Engineer: 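One structure follows; several queries about it will come next.
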Amino acid sequence: MPIENWTSRYLDELKEFRHDLHRNPELLYDVHRTAQRVAARLREAGVDEVHEGIGGTGVVGIIHGQSRNSGRMIGLRADMDALPILEATDAEWASQVPGKMHACGHDGHTTMLLGAALGLVESRAFDGDVALIFQPAEEGGAGAKAMLEDGLLKRFPIQEFYGMHNRPGLPLGAFATGAGAQMGSVDEIIITIEGRGGHAAQPHATIDPVVIAASLIQAAQSIVARTIDPLKSAVVSITQMAAGDAFNVIPQTVTLRGTVRTLDEATRDAVEAQLRMLTESIPAGFGATGSLSYLRHYPVMRNAEIGVERAVAAAGAVAGEAQVNSEMAPTLGGEDFAFMLNERPGAMIMIGNGDSAPLHHPKFDFNDDVIPWGCSYWTTLVRQRLPLG
Ligand SMILES: [Zn+2]
Ligand SMILES: [Zn+2]
């Protein structure tokens, strides 16, 4: 059974809704307008409970099934936040806020979950409860964690979590997922090298932190090559350098920033330990000091095997088995849905966005034709996970 018929009745409204979110992008926890629009439409549709302000600006809608004999509840999650990027599409619905845009398609994710709510509340063809979770701050703010810390699981006895993200390059109507570690841990590193500044013409009277930084950057690249098991995955990227204010002054300090990505905790620990050793020992060898601040942002995102089986069954029912890749290769991109999957079994599935600019690109746009596929996936998943007696 392909795209579900009910979606056609809401498609125009859902496209309009998506375009409105796209015109009015909001960042991190500052998704007040988006959250308010979602909550208002859920209430208007007759969703049984609508809770706002969870984890700052998160929204949770609860829909009761025709029967509730199972006593079960599953959680479907969408993200609502945009990115600090100046949009370069010429879409009619392009961002009206300079420097902010929906470049990751979260406008589409929110719209598809809202669409699913409209279908579910109408048919209620399931036994149990569905929690629709609209979270803020996926893009670096750990909104999923904030919602959990604000009592998401205490207030709503969710037993399984499912997420969905669009994927450029994956054909429209296709899905992909995989069991185990699917997305990388996301850590931030800040290295400070303290030397001794002075006149650029008298380097012997200084301890030049710029030269030390160059050595440290080179050495950091040996961590993956020479410390980590070649069959494991890790990335160490130094992405920012700050040093000096004048061409003729050797600065006192250099600050380096960057990111570390891995697919398992042991590798993550090993990279941190080695980076700490290099940060302390290399500057010391030059008579300077180095310090590392290692900030663990998102854990590795792991799909439960059983979660993947269930996601694949639902996607297969919508798109046909041939359109569902159940053995997707992992990536080292991050996803804060990891926090939810660390609490309950479930899975994140990728839904094809067709040919489009890549995620986080100024020309990216969510493909409206994905909406009925995503809505159908959600409602099929609910019927399969909470079958009527
Ligand atoms: Zn993103
Ligand atoms: Zn995203």
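Not measured: the values here are computed from a predicted model. Atoms within each ligand, like the ligands themselves, are counted from 1 in listed order.
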Engineer: Whether the W93 and D365 side chains hold a donor-acceptor pair (N or O, under 3.5 Å, no angle test) is what I'd like checked.
Structural biologist: yes
Engineer: Indicate yes or no: does E343 engage K145 in a salt bridge with an N to O separation below 4.0 Å.
Structural biologist: no
Engineer: Can you say whether the rings of W6 and Y10 are parallel (under 30°), tilted (30 to 60°) or perpendicular (over 60°)?
Structural biologist: perpendicular
Engineer: The Zn ion (ligand 2) as vertex, arms to NE2 of H106 and SG of C104: angle to 10°?
Structural biologist: 100°
Engineer: Please work out the angle at the Zn ion (ligand 1) defined by atom OE2 of E139 on one side and atom NE2 of H360 on the other, rounded to 10°.
Structural biologist: 110°
Engineer: Side-chain donor-acceptor pair under 3.5 Å between H22 and E87, yes or no?
Structural biologist: yes
Engineer: Has H165 got an N, O or S atom lying less than 2.8 Å from the Zn ion (ligand 2)?
Structural biologist: yes
